[in-house]
Novice: 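Right, I'll just put the structure down here and ask away after.
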Amino acid sequence: MEREPAPGVKRGRFAPYGLLAPGVLWLALFFLVPLATLLRMSLSSKANRFDFEPDFTWEWSNYSDAITEFGEQFRRSFAYAGIATVLCILIGYPLAYVIAFRGGRYRNLLLGLVVVPFFTSYLIRTFAWRTLLADEGPVVSLLQDVGVLADGGRLLATSWAVIGGLTYNFLPFMVLPIYVALEKIDVRLVDAARDLYSNGWRAFRKVVLPLSLPGVFAGSLLTFIPASGDFVNAQFLGGPNHTMIGNVVQNQFLVQLDYPTAAALGFILMTIITVAVLVYARILGTEELV
Amino acid sequence: MTKRFGSFVAVDRADFAIGRGEFFAMLGPSGCGKTTTLRMIAGFETPTEGVVRLEGADVSRVPPYRRNVNTVFQHYALFPHMSVWDNVAFGPRSRKVPSDEVKRRVGELLEIVRLSDFAKRRPSQLSGGQQQRVALARALVNYPAALLLDEPLGALDLKLRQAMQIELKRIQREVGITFVFVTHDQEEALTMSDRIAVMNEGRVEQIGAPREIYDEPRSVFVAGFIGSANLLPATVTGPGGEVEVGGQRLPVPAAGGDPRSGDHAVLMVRPERVRVLVDAPANGHVGVRCTVTDLVFQGPVVRVALAAPDGSPVVAHVGAADRLPFLRPGDQVWAGWEPDAARLLPARTAAPSVPDPHPEEVR
């Protein structure tokens, strides 16, 4: 015999959808619709240079043209973002490790210091690097004095300045997820590894590192994805030969007003990043995160 | 050895030897220093004074990964990202044992703990009892000189705990390795161990076989911590082992320490040795006059609560085989026992009558 569900149960069945609705609506309006518009735009063609309302014509050549014309910027973007991500891991992992395991009562203070730069605008911080790395600036003079940098050598407007800026700007996004992953690890597991004939290094390699990989993965995404689309660092710290794909998209959209090409560039970027993330997840063995 | 953390003395001059193949328990309430002692044997702590000798060699300053002892941790500390098989293989692999030898040993140990069918599972997919056995296999696979167990059964429920007690005994007999284990559960210690060290406030109070500890405790603490005990304030009246309890003079053959006439002492009698008598004890029995305060039927025994003339409580556990006279609270009776059932202990601070059921060890 079927039992009449209690009124509360009946309401419960629809409540989840009600709770989801605002989010779904928001995403549909401000993510899916713009995405569709962008896709449509990327397949449209302009009648002439001053046609600002291109017609939808399945113009696939927008994609092939974009790749031929801006392949170099694509390669550069991913190279810069990749190197910056690796540097962020190399700097951020030991930092997160020390805060998580050796921070003691200074732990929260140290974490606070990692986040402190966010109190200033991203643009201002990046701009400040121009002063630091300027030709007559303190860093260049110091490096010239100790002979690392040749006289007349410079830092500003080099690839290393752009990579340095990216690394600096995205470091907190690497440190925080790694810290969270490390902090969750039960220190008794390290005791157990040491008890089972592992010295500190092996205990780290076999126990701490694998258990913290989800944090490294999350940090890499938060670093690599925005870094490969970034244009601020290349704009402020790079020269004409260091433009990244973000700069090109920005230029196409806002200066050249070539919306179809810009839209196509955006889609290519998204596709490559998605594929790269999936491959990375497979390598790291953290598929369940994606 | 002694271990101090700042000004806090965690272990105070603990000095004992554990024999090869022995099942040795360190028993005490939480914070008594038993876990710290175990951690010093394992190598996670270094003694402030004294030495740890393993098979004759001083290992006090040898790091844990170079000591031939292994630990079963309180909450097992299994590696969550590895299968059962890889967990067990961890030790031999660290020691660079050749892979076919690793395979043989892991197989053998999983067989012993009866988990061969679970080799591919992750620890999170196992029950508490199974995780416990993985932890055991992971330690034993290294054929250590001694296996250290830190409250190994503390996280299991009662039924499983009793089953694992027997299981642990079986495994220990099978592998013949020295087991040193820490517990706050006196019943567990009595059931499993060959010898027990009872610890209190950093000191070892008494070491002995379970029977010896139970029947011949040397201090009020040991008497109160192991099983339950009637502790009656007594005054020593004669050199030949005679005491006065509640206005009565009683002979006491067995005495801890060296009591002198006039000393204050404590007379200990186990509840199951106390008989409730209507008339004054005869046939070589001795006893004190008491008032019945309460009767509780507990299944195997009836718990009779009595009060001696000076007000101190006396409890008798009366089994079904003993005929219990019909009693009501307020009745005047005698609490009697055979003289050798009583022991005279030096008076000291009383032990907690109920051990802390949820001990968090102070480290």
Side-chain angles (χ1 to χ4, degrees), chain A residues 89 93-94 96-97 100-107 174 177-221 280-290, chain B residues 35 38-39 41-45 62-83 86-97 102 105-106 109 122-124 131 134-144 146-151 155 361 363:
Chain A
I89 295 176
Y93 196 102
Y97 185 92
F101 291 129
R102 305 266 188 274
R105 60 204 170 97
Y106 297 112
R107 211 189 242 193
M174 184 63 82
I178 295 180
Y179 168 80
V180 171
L182 286 172
E183 204 256 346
K184 276 197 306 192
I185 296 176
D186 186 348
V187 287
R188 287 175 295 203
L189 294 178
V190 180
D191 272 356
R194 291 206 299 146
D195 187 67
L196 295 164
Y197 311 102
S198 285
N199 56 23
W201 171 238
R202 197 183 131 92
F204 171 77
R205 221 158 32 85
K206 293 289 177 183
V207 178
V208 177
L209 185 61
L211 288 173
S212 65
L213 280 187
V216 176
F217 180 75
S220 303
L221 294 194
Y280 185 60
R282 178 54 56 88
I283 295 170
L284 232 53
T286 42
E287 293 94 333
E288 58 261 39
L289 275 176
V290 183
Chain B
T35 292
L38 196 77
R39 287 176 65 84
I41 303 175
F44 294 118
E45 309 285 354
V62 174
Y65 61 87
R66 280 200 249 120
R67 273 191 212 199
N68 195 20
V69 295
N70 290 109
T71 308
V72 174
F73 291 87
Q74 191 167 8
H75 298 282
Y76 319 136
L78 299 176
F79 303 124
H81 57 299
M82 296 180 194
S83 67
D86 287 329
N87 262 281
V88 177
F90 192 90
R93 281 175 174 165
S94 296
R95 283 169 134 185
K96 309 255 182 322
V97 173
V102 173
R105 280 209 214 173
V106 174
L109 258 296
R122 291 284 174 95
S124 58
Q131 291 184 18
V134 175
L136 207 58
R138 186 179 68 172
L140 286 172
V141 75
N142 307 294
Y143 304 146
L147 183 74
L148 312 176
L149 305 102
D150 185 4
E151 301 267 2
E361 282 292 87
R363 288 194 172 147

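Heavy-atom basis, side chains included; hydrogens, waters and symmetry copies ignored. Per chain, numbering begins at 1; letters A, B, ... match sequence-line order.
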Novice: Distance to the ring centre below 6.0 angstrom and angle to the axis at most 45 degrees; does that hold for A/Arg202 and B/Phe90?
Specialist: yes
Novice: Mind checking the CZ-CZ spacing from B/Arg66 to A/Arg194? Nearest 0.5 Å is all I need.
Specialist: 11.5 Å
Novice: Would you indicate whether A/Tyr106, at its atom OH, is surrounded by more than 12 heavy atoms from other residues, nucleotides or ligands within a distance under 6.0 Å?
Specialist: no
Novice: Of the backbone (N, CA, C, O) and the side chain (C-beta and beyond), which part of B/Val69 lies under 4.5 Å from a heavy atom of chain A, both, or neither?
Specialist: backbone
Novice: Quick one: does B/Ser94's side chain have a donor or acceptor within less than 3.5 Å of a partner on A/Leu196's backbone?
Specialist: yes
Novice: Under 4.5 Å from any heavy atom of chain B, what part of A/Ala203 do you find: side chain, backbone, both or neither?
Specialist: neither
Novice: So is B/Arg95 actually on top of A/Tyr197's ring, under 6.0 Å and inside 45° of the axis?
Specialist: yes
Novice: If the threshold is 4.0 Å, N to carboxylate O, is there a salt bridge linking B/Arg39 and A/Asp191?
Specialist: yes
Novice: With sequence neighbours left out, write down each residue that passes ring pair (Phe, Tyr, Trp, His ring centres under 6.0 Å) with A/Tyr97, or none if nothing qualifies.
Specialist: A/Phe101, A/Phe204
Novice: Any chance you could measure A/Arg188, atom CZ, to B/Leu78, atom CG, to the nearest 0.5 Å?
Specialist: 11.5 Å
Novice: Which atoms of A/Asn199 come close to chain B, meaning under 4.5 Å heavy atom to heavy atom: side chain ones, backbone ones, both, or neither?
Specialist: both
Novice: Taking A/Asp195 for its side chain and B/Thr71 for its backbone only, find out whether a donor-acceptor pair lies under 3.5 Å.
Specialist: yes
Novice: Mind checking the CG-CZ spacing from A/Leu189 to B/Phe73? Nearest 0.5 Å is all I need.
Specialist: 9.0 Å
Novice: Counting distance only, does the side-chain N/O of B/His81 pair as donor-acceptor with the main-chain N or O of A/Lys206 below 3.5 Å?
Specialist: yes
Novice: Looking at B/Val141, B/Asn68, B/Val72, which makes the most heavy-atom pairs under 4.5 Å with chain A?
Specialist: B/Asn68
Novice: Identify which part of B/Arg138 has an atom lying under 4.5 Å from any heavy atom of chain A, answering side chain, backbone, both or neither.
Specialist: both
